[in-house]
Amino acid sequence: MKNNQIVKIFREISYLIQIAEEDPNTIYKVRAYERAADVIENLSTSIEEIYLKDGIQGLKKIPSIGNAISIKLEELVRSNKISYHEELKQKVPIKISEFSNMTGFGPKTMKILFERLGITSIAELENAASEGRISKIKGFSKTKEEKIIKTIQLSKKIKNRYLLGDVYPLIKKIENTLNEKENVIRCLVVGSFRRMKETIGDIDILISTDEPEEVIQFFVSMPEVREIKGKGKAKAFVELKNGIAVDLLVVPEESFGSAAQYFTGNKEHNISLRNLAISMDFHLNEWGLYNKKGRRIAGFTEQEIYESLQLPYIPPELRENDGEIKYFTQMRNEPLDLIEYGDLKGDLHTHSNITDGTMSISDMALHARKKFGLEYIAITDHTKSLGLANGLNENQLLNQINKIEQLNDTLSQGSFSDTVPDFRILTSAEVNILKDGSLDISSNILDKLDIVGASIHSNFSYSKDVQTNRLIKAARNPSVDILFHPTGRLINKREGYAVDIEKVIEVAIDTRTVLEINSNYNRLDLRDEHIRMAVKNDVKLVINSDAHHPVHFAYLIFGIGQARRGWAKKIDIVNRLKVDSLLKSLK
DNA sequence: GCCGTTTTCGGCCCGACTGTTTTCAGTCG
């Protein structure tokens, strides 16, 4: 039993309790399960390991885990289920996981719909809504009914599409395992995964080998595989235990490059490339590039294919048939100096446990430096109007500045190992943009900070004009260096607030305000086309993790992928600079 | 259900928005 499975069960319990139990005091029981889930989610060791080593007593040492929950964890480790959970599911047979993508739709609403209409699934909900049965219930309006239908449609659109970050670690692990296997010459995950798309429909894995049948047998027997859908001499189709479909393709080594090109896509890019080949009297398919006489002239590597078509290598993230072939045809001698995965030197959006993060400032710094090789981070805790996150007021912010100055002194005296000399913690804040676009902290305090980021955390439903003006006003504020969360979207879950990005970019040009590429794979506030628009207009960007825990620094690759998809060059990204140059570059 | 020199009970992060509840419950962060 993995920690993330435990987390899922606990969240489900907390949801079900809210429907099954009447006692008004259950809200605290609900919160206890949610807190426990949050704690377990951020645990670096597995619950199973802790239990096997130190038993119940070991579990009870974990914060927010007491008597009752530790006993349930014991049951879970021993029997893979919790009888309390099973009882709840029996009492309330609602398919909770189906509703996890529905925002604005919580357990209280679900309770009423279950009790009045017996709704337990999305399909039943959709039926009831389209038949107008929901608006007949007291407290539900036609508007609410329409909103439910709209939300279902949004959640349907994403059916079978996975967030890149949700599958990334598992797929990389499978790729590594296959690459290490003898008989496998090369293995590469291709398709939208390789293009670093925000969401992934299925996974395509490419392998070159001289022993195709043996490699295919090895692949379909991997522990991650749940079901073999099909298996032949050169292909296999499986479903993994997490539900995602994987196609495995086996090609001879001399065709690996052409197959990688062919299966990385996208489709339109490939069509353009094949047309280009035809115009040069060639023929291109997944087995190679052929001349008029049918002789293979390229295919071993992708570089070979592109070179033979008189193009420089086009990075996978750009292969969307969105002008890249034309660009690279014309700019052959002027390479696009894209931001690379190892280029970032710092992270300008991180949280500590002083607000809603989970680790101390020094722990965040230590991990950033030792595990991720960064040279600086900005601690951007929330400010006072974000009450739930314990937002800082002016005095607390001043205290934090002092604390960080002391920590920087300690760091410079060498208490950290010397892998990255001169690590620096920058003083900062994620300042809240209020209704009218003003900030919740006065400028005389903000001006004492190294960097100021501003973001919208409330009033999401204002009109486009109002919302855009809030962001513009914040950008025009001389104290604000960066606009965090420029769109506020949650991929597949929430559209984000209505905002005219073009206008925001115009103001960012004038005011030299930096826009954030938020690397959290659920967010990626700026879409690739927004990034491209910013880059075209010479607006600077920053790639931040928004880390609430040190493991979240790993999200930076998704921000870099997004930046590359938006054609961002090294010079467009401010946190590829060393800290002194960075601070000089800000307004 | 967790927590604790206010210990074995009585608290528990909370402000703002939304909708249709004319005074507040549900949801979000």
Side-chain angles (χ1 to χ4, degrees), chain A residues 10-11 13-21 23-40 56 59-73 82 84-85 88 99-113 134-148 150-151 351 353-358 380-393 396 430-436 440 455-463 466-467 470 484-485 488-490 493-497 518 520 522-523 525 546 548:
Chain A
F10 276 20
R11 298 231 163 98
I13 290 175
S14 103
Y15 198 106
L16 290 170
I17 293 172
Q18 293 176 73
I19 297 171
E21 294 194 18
D23 181 356
N25 234 25
T26 52
I27 184 67
Y28 298 111
K29 195 163 151 185
V30 169
R31 284 186 196 163
Y33 275 103
E34 270 166 11
R35 260 200 329 267
D38 290 347
V39 168
I40 293 169
I56 294 257
L59 294 174
K60 280 166 77 171
K61 285 203 186 101
I62 304 167
S64 301
I65 291 177
N67 252 325
I69 289 186
S70 59
I71 289 168
K72 291 191 173 63
L73 285 173
I82 299 176
Y84 179 52
H85 180 219
L88 283 169
F99 295 91
S100 60
N101 280 328
M102 305 260 303
T103 53
F105 194 88
K108 293 291 160 68
T109 312
M110 202 56 236
K111 179 181 166 77
I112 296 168
L113 293 176
I134 288 174
S135 56
K136 293 208 177 80
I137 302 172
K138 190 169 174 274
F140 287 76
S141 61
K142 268 279 168 217
T143 332
K144 178 114 188 162
E145 201 170 52
E146 281 159 18
K147 211 181 147 197
I148 286 174
K150 219 178 140 197
T151 316
H351 294 273
N353 58 6
I354 295 171
T355 60
D356 62 346
T358 49
T380 51
D381 278 325
H382 292 286
T383 49
K384 61 186 178 187
S385 60
L386 202 63
L388 175 58
N390 295 320
L392 306 175
N393 63 27
Q396 291 167 318
E430 180 173 3
V431 185
N432 225 4
I433 300 174
L434 301 173
K435 272 186 187 178
D436 64 349
D440 68 340
S455 36
I456 285 177
H457 280 106
S458 58
N459 310 80
F460 277 24
S461 58
Y462 282 1
S463 72
V466 176
Q467 214 63 276
R470 287 172 85 190
F484 287 164
H485 300 301
R489 72 163 171 164
L490 285 174
K493 290 188 184 169
R494 185 175 75 196
E495 298 275 13
Y497 28 85
N518 192 294
N520 183 318
N522 293 288
R523 297 183 175 274
D525 283 66
D546 198 358
H548 286 65

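To find a chain, count down the sequence lines: A is the first, B the second, and so on, and within it residues start at 1.
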Produce the list of close N/O pairs, under 3.5 Å, pairing protein atoms with atoms of nucleotides 19-23 of chain B; give distances to one decimal.
residue, atom, partner, partner atom, Å
B/dT20, OP1, A/Ser141, OG, 2.0
B/dT20, OP2, A/Ser141, OG, 3.4

Can you give me the N/O atom pairs linking the protein to nucleotides 5-12 of chain B at distances under 3.5 Å, or say none if there are none?
none

Would you kindly give the NZ-to-P distance between A/Lys61 and B/dC3, to the nearest whole Å?
-> 14 Å

Any residue meeting ring-ring contact (aromatic ring centres under 6.0 Å, His included) with A/Phe460, in chain and number order, not counting sequence neighbours = A/Tyr497

A/Lys111 meets the salt bridge (charged side-chain N to carboxylate O under 4.0 Å, His left out) criterion, sequence neighbours left out, with A/Glu22, A/Glu115

May I ask you to verify if any side-chain N or O of A/Ser64 is less than 4.0 angstrom from the OP1 or OP2 atom of B/dG1?
-> no

Euclidean distance for C1', B/dT8 against B/dT22 (whole angstrom) = 44 Å

What interatomic distance, in whole Å, is found between C1' of B/dC12 and the corresponding atom of B/dC17?
-> 24 Å

Rounded to whole angstrom, note down the C1' distance from B/dT5 over to B/dC14.
-> 28 Å

Can you name the residues that form a ring-ring contact (aromatic ring centres under 6.0 Å, His included) with A/His548, not counting sequence neighbours?
-> A/His351

B/dT20 and B/dG26: how far apart are their C1' atoms, nearest whole angstrom?
-> 13 Å

Provide the closest heavy-atom pair for A/Asn353 versus A/Thr358 in the form atom of the first, atom of the second, distance.
-> CB-C, 3.8 Å

Which of B/dG1, B/dG26, B/dC2 is nearest the side chain of A/Asn67? It is B/dC2

Can you tell me, in whole Å, how much space there is between the C1' of B/dT7 and that of B/dC2?
-> 13 Å

Exam field: side chain A/Ser135 to backbone A/Phe140, donor-acceptor pair closer than 3.5 Å | no

B/dT6 versus B/dG1 - spacing of their P atoms, nearest Å = 27 Å

Spacing of the C1' atoms in B/dC3 and B/dC13 (rounded, Å) | 15 Å

Who pairs with A/Lys142 by salt bridge (charged side-chain N to carboxylate O under 4.0 Å, His left out), at least two apart in sequence or on another chain?
-> A/Glu145

Using the test ring-ring contact (aromatic ring centres under 6.0 Å, His included), find all partners of A/Phe10 that sit at least two apart in sequence or belong to another chain.
-> A/Tyr33

Base-pairing mate for B/dT8 - Watson-Crick or G-U, with both contacts under 3.5 Å = none

Who passes salt bridge (charged side-chain N to carboxylate O under 4.0 Å, His left out) against A/Arg489, sequence neighbours left out?
-> A/Glu198

Contacts of A/Ile56 meeting side-chain contact (heavy atoms from CB on, under 4.5 Å) (sequence neighbours excluded), chain-then-number -> A/Tyr51, A/Lys60, A/Ser70, A/Ile71, A/Glu74

Is any side-chain N or O of A/Lys384 closer than 4.0 Å to OP1 or OP2 of B/dG15?
-> no

Of the nucleotides B/dT27, B/dC17, B/dG1, which one has an atom closest to the side chain of A/Tyr33?
-> B/dG1

Using a cut-off of 4.0 Å on non-hydrogen atoms, how would the nucleic acid contact of A/Ser458 be classed: base, sugar-phosphate, or nothing?
-> nothing

Nearest-Å distance once atom P is located in both B/dT21 and B/dA16 = 24 Å

